[in-house]
Number of protein chains: 2
Amino acid sequence: MSARVNSALIRQINLARVFHALREHPESSQRDLGRLTGLDKATISTVVAQLQDLKLVERSEQSKARRVGRPETALSIPRSAGILVGVRLEPSAIRVVTTTLAGAVLGHCQLAGSLDIDTALKALRATVDRELAEIGEDWSAVRAIGVGIPGLMDRSGRLVLAPNLGWRDVPIRAMLEELFGCPVEVDNDTKAAAIAERLFGMCRRTDDFIYVTGDSGVGGALFLGGRLYRGAGGFAGEIGHTKVVPGGNLCGCGRRGCLETYVSEAAILRRLAGLGIEAADIGAVAALAEQGHGQVRDLLDEAGRHLGFALSNLVNILNPQLIVLGGNLAVVGAWLMPGLERALMEQALVPLAAEVSVRVSPLGEDAVPMGGIALALDGFLAPPRLTVPRG
Amino acid sequence: MSARVNSALIRQINLARVFHALREHPESSQRDLGRLTGLDKATISTVVAQLQDLKLVERSEQSKARRVGRPETALSIPRSAGILVGVRLEPSAIRVVTTTLAGAVLGHCQLAGSLDIDTALKALRATVDRELAEIGEDWSAVRAIGVGIPGLMDRSGRLVLAPNLGWRDVPIRAMLEELFGCPVEVDNDTKAAAIAERLFGMCRRTDDFIYVTGDSGVGGALFLGGRLYRGAGGFAGEIGHTKVVPGGNLCGCGRRGCLETYVSEAAILRRLAGLGIEAADIGAVAALAEQGHGQVRDLLDEAGRHLGFALSNLVNILNPQLIVLGGNLAVVGAWLMPGLERALMEQALVPLAAEVSVRVSPLGEDAVPMGGIALALDGFLAPPRLTVPRG
DNA sequence: TATTTTTGTTCGATGGCCTATCTAATCTGA
DNA sequence: TCAGATTAGATAGGCCATCGAACAAAAATA
């Protein structure tokens, strides 16, 4: 059953809309917010008053005069409104980012990871504590925490399966809320990163984009029609097992020629090793390419071609506006691009290929933790989804 | 700018929800509708009163007693509420269906098509006039008309391009409203058929499904998260040019091995002709298969395999709950199925393949005109979409 | 200094939904 | 037969939302 549609929901929706409008356009006046949201200025007045009561918004002391007439008073989302904590939880590392409610980064922190759940959680707690001390805030300032995890979640925040961590069927959200004593949101890391791209990255005005990343495998997330698409079972986005080479490399899934046997970090390192080229990680690969290493460049170009082939089918089917390369793929993005764009132009239908552009994510290593920030923000701001039968 | 969120919008949403609940569950009482929509019975009371004022709903005279207490009075969407007209406009044929507002079919009608716009529109008007006479209704009873066209539409109802009809940049919606003097909705035929499947067919409870059809090409429509997904430019769903055979048949798009060179009606007829088997249309092919013609069955099985391969990538990426074969593919669906399901099981990731089921559409030839009905219903019932920044 | 101009607040109107109460219609059981 | 129990639906009052219009505030301008 979907949510009740009543006046409380209206206010919840408009509150979120006004807040996000101010987040996107800092130092706006009430008049600006009215224009941005389409709401009457009287409504904006009461909504802003409520946001002030919630300590989410502050009005600046001095006012800026535009030309004639009463000057506008600028509004802001102050640091005193509280902070958000975004976490990337991985076998190899735990990365923590703290931001204001507006998404401005206050500090970073990183720690070696762990495969044992209890150890990982304890380390996480210690890391966040240290990070808070570093930026001079305490727990009372934390509004919410969001965590991106390489695994599959259900809607209630239960981790169904995380192969890389070796975790299965863990009530991770409940455990973290117990641990931190504040609201916690959890989601798949790639999906979280895609949401971050939408709220803080390069997709702020883009309703339809595909986000691709490549670590151990190749993950994807689909942002369709202004919202993240999760699929019937929450698995949507599994682009890594698209078949790109008939009878190609053997994949962990048991089939041959899957995309992720060519373009994941693991695959690239393995294939370079096969050529006698040692690289510790994707950064080292990028460095080699930067130095003009021909074989490395060729291999990345080929990987880009395979990725472009897989994406071309997706472009034909989904007609996105933008494709974003994130995570490890962003690190070598510049070297994947030529092959990728060539394959895309050759394989995708002309009008669709012409409209889509491919970009490298600007969020870098912070993509997933910033996704945690986006999840946390959603957690206490987003109204419930409501469904109406329609086309 | 998205719609204003105010109390008028709330009522619009709840009106639509109650109407659809009654459409889905005929002869419901107000109490039933309250349970179905989650709304308070007081709210249901006023909403039903308004629906009655709008002549959309009627209360039955006699009442049905369940056990003890005051008996319920059943509500219905009566024929006197008006009728809807659904149209499929094609080069070869114009097909018209009339239904009640609840979607119950009142009559069918078909006519040879035309490639000339003026002739086609005149013929359409005459066909609808005749059909109305046949079911004993006149134009005053028509609430709205919906038309499915094999071509690309923009959001305002302008036909951008219809290669099969040879039309380009035609303000088809405005022309039809002029012609009929009542509200008209237009959309791509495959997308319309998918909406019909959702409202009247086998996907009434399914929020995530892929609809596939094959006429001259292979078309698809994506119903994702409870609504039809159109893509950034309205092109979403082009499954026909997925590459399924490297270096395969030459396609009209200039590339090789596209899906639609194997499984469209045109492709199947052409490939059968290459084997010396003459079939006039897809119905004849189905008949041959029915008679046990080995070569025909083999070719359909192979087509099913190619379709299954294309769909397997899509299943991996979109994680749908259901795949529906419609249009001409439904006619030979039984013979495509074995190859299709085999390919799907082999190629798609196990947990995803296990959850998805493939079905043949029950709507048959009426799928597109019923899509017109769905569009027409949406036109005067669906509230405006509202967007909230979120994940 | 008075006027103009623009911003933001407040008040009343309107119209949603919801709680509580009331009425209607039937069944139950003595 | 008839009073009570039970359930469906209507109505009134409360609350809260947006919105239009009048109002207050603050600065530039003449």
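Letters A, B, ... are given to chains in the order of the sequence lines, protein chains preceding strands, and every chain is numbered from 1. None of the values given here were measured: they were computed from a predicted structure.
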Rounding to a whole Å, what distance do you find between B:L9:CG and D:dT18:C1'?
11 Å
How many Å lie between CZ on B:R11 and C1' on D:dA17, as a whole number?
14 Å
For the pair A:T206 and A:E197, evaluate side-chain contact (heavy atoms from CB on, under 4.5 Å) and give the outcome as yes or no after the intermediate values.
CA-CA 10 Å; A:T206 308; A:E197 215 60 64; over 6 Å; no
Determine yes or no for a side-chain-to-main-chain donor-acceptor pair under 3.5 angstrom, with A:Q321 supplying the side chain and A:D208 the backbone.
no
Keeping A:D187 on the side-chain end and A:A192 on the backbone end, is there a donor-acceptor pair under 3.5 Å?
no
What's the CG-C1' distance between B:L33 and D:dG9, to the nearest Å?
12 Å
For the pair A:T98 (side chain) and A:G107 (backbone), establish whether a donor and an acceptor sit closer than 3.5 Å, ignoring hydrogens and angles.
yes
Any A:N6 side-chain N or O less than 4.0 Å from OP1/OP2 of C:dC18
yes
Any sub-3.5 Å donor-acceptor pair from A:N6's side-chain atoms to A:L9's backbone N or O?
yes
Distance, rounded to the nearest Å, where A:Q12 contributes CD and C:dG16 contributes P:
21 Å
Does B:S7 place a side-chain N or O at less than 4.0 Å from the phosphate oxygens OP1/OP2 of D:dC16?
no
Can a side chain N or O of B:R70 be found less than 4.0 Å away from OP1 or OP2 on D:dG9?
no
Full working for side-chain contact (heavy atoms from CB on, under 4.5 Å) between B:T99 and B:M370
CA-CA 9 Å; B:T99 72; B:M370 284 305 287; 3.9 Å; yes
Return the value, rounded to whole Å, for the distance between atom CG of A:N14 and atom C1' of D:dC19.
12 Å
Which is it for B:R23 and B:F200 under the side-chain contact (heavy atoms from CB on, under 4.5 Å) test, yes or no, and what are the steps along the way?
CA-CA 10 Å; B:R23 187 182 63 73; B:F200 308 116; 3.6 Å; yes
Can you tell me which residue among B:L36, B:L56, B:V47 is in a side-chain contact (heavy atoms from CB on, under 4.5 Å) with B:V18?
B:V47
Can you tell which of C:dC18, D:dA27, D:dT29 lies closest to the side chain of A:P71?
D:dA27
Would you mind reading off the distance between B:R31 atom CZ and D:dA10 atom P, rounded to a whole angstrom?
15 Å
Nearest to the A:T73 side chain among D:dT18, C:dG8, D:dA8, which nucleotide is it?
C:dG8
Look only at the side chain of B:R143 and the backbone of B:A376, and say whether a donor-acceptor pair between them is shorter than 3.5 Å.
no
Is there a residue in residues 45-54 of chain B whose heavy atoms reach under 4.0 Å of DNA chain D, and which residues are they?
B:S45
Should A:R59 be listed as having a side-chain N or O under 4.0 Å from OP1 or OP2 of C:dT9?
yes
Let's see if you can work this out: which of D:dT29, D:dT6, C:dG16 has an atom nearest to the side-chain heavy atoms of B:V68?
D:dT6
Hey, what are the protein-to-nucleotides 20-22 of chain D N/O distances that come in under 3.5 Å?
unit_1	atom_1	unit_2	atom_2	d
D:dG20	OP2	A:D40	OD1	3.0

Rounded to whole Å, the CD-P distance (B:Q30 to C:dA25) equals 14 Å
Just by distance, do the side chain of A:D154 and the backbone of A:G157 share a donor-acceptor pair under 3.5 Å?
yes
Distance, rounded to the nearest Å, where A:I44 contributes CD1 and C:dG8 contributes C1':
12 Å
Using a cut-off of strictly less than 4.0 Å, decide whether A:T43 has a side-chain nitrogen or oxygen near OP1 or OP2 of D:dC19.
yes
